[in-house]
Amino acid sequence: MATRTVNSGAQVDRQSRILDAVLELLSRHGISGVNMRAVAREAGVALGLVNYYYADKPSLIRAVLNRIGESDMRLVTPDPEARPDEQLREALRRVAGPEILTTEYLSLRLHLWALAQADEGFALVNAEAFDQYLDGLATLIGNAKPGLSREECKERADDIVVVQNGMWLTSLLGIDKAAIQRSIARTEQIAFAD
């Protein structure tokens with residue numbers, strides 16, 4: 001039984017290294033830089049192992065899109081020990097965290113958005129993740145502002161995402177930290193408006 005746990009942990013670690021490698025290759029080279037051999041080399045694993053876990057390049061990309069979607073959901077996951085207004089403020093600030101506002105991460109997001117525009121299957125995965133993020137953000141808004149209808153919460157979430165995406169894009173251009181703070185403040189104004 002202990003062997004199975006160790007093997008299962010090693011399997012998760014290998015799969016994680018493979019997906020990390022795909023993310024790294026995508027952020028540096030875009031989709032053209034991703035192939036099974038390059039992923040194996042970047043992950044430091046045998047090519048056969050990449051093929052064992054992922055049948056082809058599209059399955060690798062789908063797995064990466066799912067991983068990014070899970071990461072986005074963590075941005076809007078509430079802290080059960082915080083008040084609803086604090087949960088919402090924290091979620092709005094997470095989007096501008098130092099691990100997100102990096103050239104590598106934002107470049108990766110641009111490549112993934114482009115992939116979603118170029119491939120219907122990737123677009124579906126991306127749209128589902130985006131809808132889940134919006135729903136999570138709308139839920140946080142509704143918890144913090146219980147007098148709002150669900151539709152009003154969704155509209156505010158939509159408006160906030162426009163500001164957040166603009167912040168991400170302009171961050172690539174080297175916008176100053178004060179502008180980022182103003183963007184976060186703007187998302188808070190949208191969320192908490194009376």
Side-chain angles (χ1 to χ4, degrees), residues 1-80 87 90-91 93-140 157 161 164-165 167-169 171-172:
M1 186 73 103
T3 305
R4 181 176 289 171
T5 303
V6 170
N7 288 340
S8 178
Q11 177 180 349
V12 169
D13 180 58
R14 288 189 300 257
Q15 284 181 293
S16 182
R17 285 186 8 227
I18 290 167
L19 293 180
D20 287 344
V22 175
L23 289 168
E24 183 64 30
L25 290 167
L26 274 170
S27 74
R28 281 192 318 229
H29 307 292
I31 191 67
S32 64
V34 177
N35 62 61
M36 303 302 252
R37 194 170 305 284
V39 169
R41 188 173 37 255
E42 184 76 25
V45 299
L47 177 59
L49 194 60
V50 176
N51 289 318
Y52 175 76
Y53 291 122
Y54 303 99
D56 52 22
K57 184 174 174 174
S59 65
L60 275 170
I61 301 301
R62 276 191 297 281
V64 164
L65 287 169
N66 285 326
R67 182 189 249 196
I68 293 292
E70 291 166 6
S71 175
D72 286 352
M73 286 308 297
R74 284 191 293 278
L75 295 172
V76 293
T77 299
D79 174 358
Q87 292 174 6
E90 182 57 33
R93 291 180 184 127
R94 281 186 202 122
V95 175
E99 69 283 356
I100 290 178
L101 294 182
T102 66
T103 302
E104 295 79 20
Y105 183 79
L106 296 173
S107 175
L108 168 68
R109 291 307 290 241
L110 287 174
H111 286 296
L112 293 175
W113 287 336
L115 282 172
Q117 294 302 309
D119 182 280
E120 187 176 324
F122 298 153
L124 291 173
V125 174
N126 191 57
E128 182 179 319
F130 183 69
D131 288 345
Q132 289 174 350
Y133 176 80
L134 280 174
D135 190 55
L137 184 55
T139 297
L140 288 175
V161 167
Q164 289 173 338
N165 286 337
M167 179 178 53
W168 281 4
L169 291 172
S171 180
L172 278 172

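Atoms considered below: every heavy atom in the structure, side chains included; atoms not considered: hydrogens, waters and symmetry mates.
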Which atom pairs, one a donor and one an acceptor, fall under 3.5 Å between side chains of residues 34-50 and the rest of the protein, sequence neighbours left out?
unit_1	atom_1	unit_2	atom_2	d
N35	OD1	R37	N	3.1
N35	OD1	A38	N	2.7
E42	OE1	R28	NH2	2.9

Run the side-chain donor-acceptor check on residues 106-118: report pairs under 3.5 Å with partners two or more places apart or on a different chain.
unit_1	atom_1	unit_2	atom_2	d
S107	OG	S27	O	3.0
R109	NH1	D72	OD1	2.8
R109	NH1	D72	OD2	3.4
R109	NH1	Y105	OH	2.7
R109	NH2	D72	OD2	2.9
H111	NE2	L26	O	3.4

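Going from atom CZ of R17 over to atom CD of E24 covers 14.5 Å, rounded to the nearest 0.5 Å.
Considering only heavy atoms from C-beta on, V161 comes within 4.5 Å of Q164 through its side chain. Between R67 and L23, some side-chain heavy-atom pair lies under the 4.5 Å cut-off. Using a 4.5 Å heavy-atom threshold, the side chains of Y54 and Q15 count as touching. Taking 4.5 Å as the limit, some side-chain heavy atom of F122 sits within range of a side-chain heavy atom of P58.
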task: Go through the steps to decide whether D79 and E90 satisfy the test side-chain contact (heavy atoms from CB on, under 4.5 Å), and finish with yes or no.
output: CA-CA 9 Å; D79 174 358; E90 182 57 33; over 6 Å; no
field: Intermediate values then yes/no, side-chain contact (heavy atoms from CB on, under 4.5 Å), V125 and I61
entry: CA-CA 10 Å; V125 174; I61 301 301; over 6 Å; no
query: Would S16 and D13 satisfy side chain to side chain donor-acceptor pair (under 3.5 Å), going step by step from the backbone distance to the final call?
result: CA-CA 5 Å; S16 182; D13 180 58; 5.6 Å; no
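Scanning both residues, V64 and L19, for their nearest heavy atoms gives CG2-CD2, 3.9 Å. Here the closest non-hydrogen pair linking S59 and D56 is OG-O, 2.7 Å. In this structure, L75 and R94 approach most closely via the heavy-atom pair O-NH1, 2.7 Å. Residues K57 and I31 share a closest heavy-atom pair of NZ-O, 3.0 Å.
The main-chain N or O of D135 is found under 3.5 Å from a side-chain atom of T139 such that the two form a donor-acceptor pair.
Enclosure of atom CD in E120 is not indicated, since only 12 or fewer non-hydrogen atoms of other residues, nucleotides or ligands lie within 6.0 angstrom.
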